[in-house]
Amino acid sequence: MIRVLVVHNGGLIRSALVALLRSESAFEVSSGSGRTGFRAVHGRTPDVYVADIDCLDSLGRVCGKSVGRGDLARDPALLVLAGARKPGALRKAFDAGALGYINKDGEPQRLVEGIHRVARGERFIDESLAFDFLQAAEMPLTPRELSVLAQAAEGASIEEIARSLHLSKGTIRNYLAAAIRKVGGRNRLDAVRISQGAGWL
């Protein structure tokens, strides 16, 4: 029996995923959302996290470390649900230690197969995400620089980004300056434009 913990902030989608996976006799399925979503249920650590890619920041705050690349006797494997044309998000998932990557628009059976594979410690990448992975490998930004630039792209101020990421305003300015330099931008807006054009944001 593979213990699966589904983490998704959308209640309707989370419920649908749980229903799908519970139809498989090989899975024992529980679920959660947000920061609490990655905590063990009833004191039992799952074998596999199935997490929406937008929930990975919560994973880092809760676990304080990567999962998916450690000893599978102790650490759960991480399988993320990702959208196509989001290489920046894939890079963040890879750096978080994800073993599996499933296209959100793919067939349900691919998710079932992916869970079995990562539970055995194998890497599983949906072939429809292959091109995005190539782009992710070429991305010059670190996950933190990408997070800061992504919030800046949404119009957040230095102070708002600092509060969101629990960092000082000076640190946020340093991350933005590094991101602008790495992508060859003239300023913050130019760096956002270049990163969006490359598919990193």
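These numbers come from the heavy atoms of this one structure, side chains and all, not from hydrogens, waters or symmetry mates. Bear in mind that the values here come from a model prediction, so they are computed numbers and not experimental data.
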Distance-only check: which donor-acceptor pairs under 3.5 Å involve side-chain atoms of residues 14-24, not counting sequence neighbours?
from: Arg14; atom 1: NH1; to: His8; atom 2: O; distance (Å): 2.5
from: Ser15; atom 1: OG; to: Gly11; atom 2: O; distance (Å): 3.0
from: Arg22; atom 1: NE; to: Val29; atom 2: O; distance (Å): 3.4
from: Arg22; atom 1: NH2; to: Val29; atom 2: O; distance (Å): 2.9
from: Ser23; atom 1: OG; to: Leu20; atom 2: O; distance (Å): 2.4

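- Here CD1 of Ile161 is found 12.5 Å from OH of Tyr175. Values are rounded to the nearest 0.5 Å.
- In this structure, Leu189 is not a member of the same hydrophobic cluster as Val183, with clusters built from ILVMFWY side-chain heavy atoms closer than 4.5 Å.
- Scanning all heavy atoms of the two residues, the minimum distance from Leu149 to Ser195 falls at CD2-OG, 3.3 Å.
- At a threshold of 4.5 Å between non-hydrogen side-chain atoms, the residues Gln151 and Leu165 count as touching.
- Within 6.0 Å of CD on Glu107 lie no more than 12 heavy atoms contributed by other residues, nucleotides or ligands.
- Atom CD1 of Ile102 sits about 13.0 Å away from atom CG of Asp52, to the nearest 0.5 Å.
- Applying the side-chain contact (heavy atoms from CB on, under 4.5 Å) test between Leu81 and each of Asp105, Val7, Ile13, Leu111 identifies Leu111 as the sole match.
- Every residue two or more places apart in sequence or in another chain was checked for a side-chain hydrogen bond (donor to acceptor under 3.5 Å, both in side chains) with Gln109, and none qualifies.
- With sequence neighbours excluded, the residues that form a side-chain hydrogen bond (donor to acceptor under 3.5 Å, both in side chains) with Arg193 are Asp190.
- Side-chain contact between Pro76 and Thr45 is present, with heavy atoms from C-beta onward closer than 4.5 Å.
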Next item on the list: Using the side-chain contact (heavy atoms from CB on, under 4.5 Å) rule, take Val6 and Tyr49 through it: C-alpha gap first, then chi angles, then the decisive distance, then the call.
Entry: CA-CA 6 Å; Val6 176; Tyr49 289 125; over 6 Å; no

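- Here the closest heavy-atom approach between residue Gly114 and residue Leu79 is recorded as C-CD1, 3.4 Å.
- Aromatic ring orientation, Tyr101 versus Phe133: perpendicular (interplanar angle above 60°, classes split at 30° and 60°).
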Next item on the list: Apply side-chain contact (heavy atoms from CB on, under 4.5 Å) to the pair Arg110 and Asn103, showing each step before the final yes or no.
Entry: CA-CA 9 Å; Arg110 297 290 287 167; Asn103 192 329; over 6 Å; no

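- Note: Ile158 CD1 to Lys169 NZ = 9.5 Å, rounded to the nearest 0.5 Å.
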Note to self: I'd like to know whether Arg188 forms a side-chain contact (heavy atoms from CB on, under 4.5 Å) with Ile180, so could you lay out the CA-CA distance, the side-chain angles of the two residues, the decisive distance to 0.1 Å, and finally the verdict.
What the structure shows: CA-CA 6 Å; Arg188 185 189 315 182; Ile180 292 167; 4.2 Å; yes

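- Shown here for Gly185 and Ile194, the closest heavy-atom pair between the two residues is CA-CD1, 3.8 Å.
- Not one N or O on the side chain of Ser164 forms a donor-acceptor pair closer than 3.5 Å with the backbone of Glu160.
- Side-chain N or O atoms of Glu145 include one that pairs as donor or acceptor with a backbone N or O of Thr142 at under 3.5 Å.
- Side-chain contact between Leu167 and Arg144: present, with at least one pair of heavy atoms (C-beta onward) separated by less than 4.5 Å.
- The shortest non-hydrogen separation linking Ile2 to Ala119 is CD1-CB, 3.9 Å.
- Listed here is the closest heavy atom pair of Ala82 and Leu90: CB-CD2, 3.8 Å.
- Contact of the Arg3 side chain with the Leu5 side chain is not registered, since no non-hydrogen atoms from C-beta on lie closer than 4.5 Å.
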Next item on the list: Show your working on side-chain contact (heavy atoms from CB on, under 4.5 Å) between Glu122 and Leu99 and close with a plain yes or no.
Entry: CA-CA 7 Å; Glu122 301 173 13; Leu99 278 180; over 6 Å; no

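- Rounded to the nearest 0.5 angstrom, Ile172 CD1 and Arg163 CZ are separated by 11.5 Å.
- Taking all atoms of both residues into account, the shortest heavy-atom contact from His116 to Ala26 is CE1-CB, 3.9 Å.
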